[in-house]
There are 2 protein chains.
Amino acid sequence: MELRQLEYFVAVAEEQNFTRAAARLHVVQSAVSAAVKTLERELGASLLDRNSKRVRLTDAGAALLPRARIALDAARDARDAVAEVHGGLRGTLRIGTMTSIRLLHLPALLGEFHRRHPGVLLHTSVAPHGSQGLIDALAERRLDLAFVSLPGTPPAEIHLTDLASSVLDLVVPDDHPLATREAVTLADIAGLDFIDSPVGYGNRAVTDRAFAAAGLSRRVTIEIPDIATGAEHVRHGLGIALLPRFAVADDHGVRLLSVAGVDLNWTASLATPVDRPVGAAARALISLTAEFLP
Amino acid sequence: MELRQLEYFVAVAEEQNFTRAAARLHVVQSAVSAAVKTLERELGASLLDRNSKRVRLTDAGAALLPRARIALDAARDARDAVAEVHGGLRGTLRIGTMTSIRLLHLPALLGEFHRRHPGVLLHTSVAPHGSQGLIDALAERRLDLAFVSLPGTPPAEIHLTDLASSVLDLVVPDDHPLATREAVTLADIAGLDFIDSPVGYGNRAVTDRAFAAAGLSRRVTIEIPDIATGAEHVRHGLGIALLPRFAVADDHGVRLLSVAGVDLNWTASLATPVDRPVGAAARALISLTAEFLP
DNA sequence: ACCAAGTATCACCGATCGCGATCGTCGCGA
DNA sequence: TCGCGACGATCGCGATCGGTGATACTTGGT
């Protein structure tokens, strides 16, 4: 068993496709097929149940996968540790981010990190399934760190460091009955049609929790993955929305109203695993993030 | 970087000699030399400072070594996990034991383990530096489990499960002034010449602690690594000793006396690491050990 | 100065790996 | 039912890798 074989196996398991795994690994498909076959022969067990249409893990493969990731992470940490001693950090840092990274000034943070550690490749990925998806990816070792928004108690295996927060304001079309008000309550907007992010996104969790805590409900009739388009949807009368002020670049045709008597604070945090040590590059980014805090 | 290279590097680091490492790995010396050189080239750092007389770790090598062990352990756990799913446990379990294994009936325990898991190779090693040395080896990932005797608070990274204990009795030559007594106190034997195990052994720690707790001292003039020879030394007038009864197979010429008013309980425990998960085979042995408890 | 022990280098050879071509399989749509 | 596209497995080939055995070089002790 060698790391190269584990790397190929993990790629196939994650992609559920030899051809895509080969592309990701920058080798031809037959090389991946052969390597996985050799690993199976060496371990004396079938790891993948596959045909021309479908690739699934066997029980043995399911047992191997998390441990293969641990071994690959350990090897990368080993490489990073040597690089740190010998002459600067090396390696790749896999970072998950929410789509609304402007809450955090991430470009400035990551830019500074890159200037300080040019040998580290930053591989950022946005969260197709919101912050909850990032948390899952962190737990499954597909990410090293994640910038998330996760109201409530985080899961036991994740540590959150709060970084920034913004209040969500109500955005209504300027001809809306509530538009003349300076502030409203949740009761004023209960039952109305809302535009919001999908379930799983942090801002969506904040708004859902607020309504639930007040024993009220609303209708989310349109889900948008990018809050920067929220004001546009509001402007065209598709509903009202709770958005941070920074997401409303152009406020013509809409009004922003405060919502009184409720916690609509949307907090962004850095999520790190607690069940394993993080690598040298991850530690460096965590330190830099702390420097960026006010 | 591959596991094979890490394995060769770890072997050289531990043996401090390429030729001995090669013997341990069952390859020729030049294969080890070439593999380490390739690893150094790939990492862009010198890992070992060596010449024909001496092999030492560099700073980069010192940074790599614990992480290399983690990666190798992870790979072995991966292999074991697949074997467990697929058809029984495989692999090697590295067990440290005190020399005085009769306190524990280890042969019976390990015999039963072997019958249940014939695919697991048990590699046992005794403790040249006593239980403390076993604890060090466990922390440094050179052992998976250890049977130790460690009075007092164990270090934070080790978990102890008490398994058995025996009281240490005073053994004197039968013409000794105390020989007519049924029991003595520590005060009676303070200042006398003792035969005992070396520092680091569990039984030695028990006796040293008892004298220290009583504010008394004694002279340990002969240190013996095997307590089974203790009574023989006493018989020949080389000193007196505190030994468990089971270690005195032949009591002619000596008397065994109780020592009142002091804790001379010598406890044997199973030491497991707390900072990392143990492999499948280790978990199986831990379970079997629990079954063997009364 | 000599020697023994150990590491590094070299030539050689068999094994391994990745590539490119191709075969076989499978699910889907007509 | 059939054709098709996509995908995994196999094969031949060339390049590279890894281990062996021999040997050169180095080093510390006598």
Side-chain angles (χ1 to χ4, degrees), chain A residues 1-62 64-65 68 71-72 75 78-79, chain B residues 1-62 64-65 68 71-72 75 78-79:
Chain A
M1 175 191 286
E2 291 294 0
L3 293 170
R4 182 184 62 85
Q5 293 165 318
L6 294 180
E7 183 182 9
Y8 287 16
F9 164 72
V10 167
V12 174
E14 288 178 355
E15 302 286 344
Q16 293 187 310
N17 181 295
F18 280 71
T19 305
R20 284 205 300 271
R24 163 170 148 179
L25 296 161
H26 307 299
V27 296
V28 302
Q29 175 266 324
S30 52
V32 178
S33 178
V36 170
K37 181 168 184 174
T38 301
L39 181 60
E40 285 176 322
R41 188 173 61 242
E42 190 175 309
L43 292 176
S46 174
L47 303 172
L48 295 158
D49 175 16
R50 67 272 202 187
N51 60 22
S52 58
K53 292 297 182 190
R54 189 173 53 84
V55 175
R56 288 179 186 170
L57 285 171
T58 61
D59 288 343
L64 177 61
L65 182 57
L72 292 170
R79 222 179 276 121
Chain B
M1 177 191 287
E2 293 292 1
L3 293 170
R4 181 183 64 85
Q5 292 167 317
L6 295 180
E7 184 182 10
Y8 287 15
F9 164 71
V10 168
V12 175
E14 288 178 355
E15 301 286 345
Q16 292 185 310
N17 182 295
F18 279 72
T19 305
R20 284 204 301 273
R24 166 169 147 178
L25 297 161
H26 305 301
V27 295
V28 301
Q29 174 269 324
S30 52
V32 178
S33 178
V36 169
K37 182 167 185 174
T38 301
L39 181 59
E40 287 176 320
R41 188 171 63 243
E42 190 175 310
L43 293 176
S46 174
L47 302 172
L48 296 159
D49 176 16
R50 69 272 201 184
N51 59 24
S52 59
K53 294 296 181 187
R54 188 173 51 86
V55 175
R56 288 179 185 171
L57 285 171
T58 61
D59 288 344
L64 177 61
L65 183 58
L72 291 169
R79 222 179 276 122

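Chain A is the first sequence line, chain B the second, and so forth, proteins listed ahead of strands; every chain is numbered from 1.
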Answer whether the closest heavy-atom distance between the side chains of B:L47 and B:L57 falls below 4.5 Å.
no
Of all heavy-atom pairs between B:A71 and A:A75, which one has the smallest distance, and what is that distance?
CB-N, 4.2 Å
Over how many whole Å does the gap from A:L39 atom CG to C:dC17 atom P extend?
11 Å
For a quick check of understanding: with a heavy-atom distance under 4.0 Å over all strands, which category does A:V32 fall into, base, sugar-phosphate or nothing?
nothing
Could you please name the option among D:dG8, C:dT9, D:dT20 that lies closest to any side-chain atom of B:A31?
D:dT20
Mind calculating the distance between CD (B:E7) and P (D:dG19) to the nearest angstrom?
10 Å
Nearest-angstrom distance from the residue atom CD of B:E40 to C1' of C:dA8:
12 Å
Are A:R4 and A:Y8 in a cation-pi contact, defined as NZ or CZ under 6.0 Å from the six-membered ring centre and within 45° of the axis?
yes
Measure the shortest side-chain to side-chain distance between B:R24 and B:E14 over non-hydrogen atoms and say whether it is less than 4.5 angstrom.
yes
Salt-bridge present (A:E15, A:R50; N to O < 4.0 Å):
no
In whole angstrom, give the distance that lies between atom OH of A:Y8 and atom P of C:dC17.
9 Å
Establish, with yes or no, whether the OP1 or OP2 oxygen of C:dC26 is under 4.0 angstrom from a side-chain nitrogen or oxygen of A:R50.
no
Indicate the atoms forming the closest heavy-atom contact of B:A60 with B:A45, along with that distance.
CB-CB, 4.1 Å
Of all the heavy-atom pairs spanning B:Q29 and B:T19, show the shortest one and how long it is.
CG-OG1, 3.8 Å
Please work out if A:V28 contacts a base, only the sugar-phosphate, or nothing of the nucleic acid, heavy-atom cut-off 4.0 Å.
base
Whole angstrom value for the distance that separates P of C:dT25 from CZ of A:F18:
17 Å
Between P on C:dA5 and CD on B:Q16, what's the gap in Å once rounded to a whole number?
19 Å
Please tabulate the protein-to-nucleotide N/O contacts below 3.5 Å involving nucleotides 22-28 of chain D, giving atom names and distances.
{"unit_1": "D:dT26", "atom_1": "O2", "unit_2": "B:S52", "atom_2": "OG", "d": "2.5"}
{"unit_1": "D:dT27", "atom_1": "O4'", "unit_2": "B:S52", "atom_2": "OG", "d": "2.6"}
{"unit_1": "D:dT27", "atom_1": "O2", "unit_2": "B:K53", "atom_2": "NZ", "d": "3.2"}

To the nearest angstrom, how far is B:R41 atom CZ from D:dT16 atom P?
13 Å
Just the rounded figure in Å: distance from C1' of C:dC17 to NZ of A:K37.
15 Å
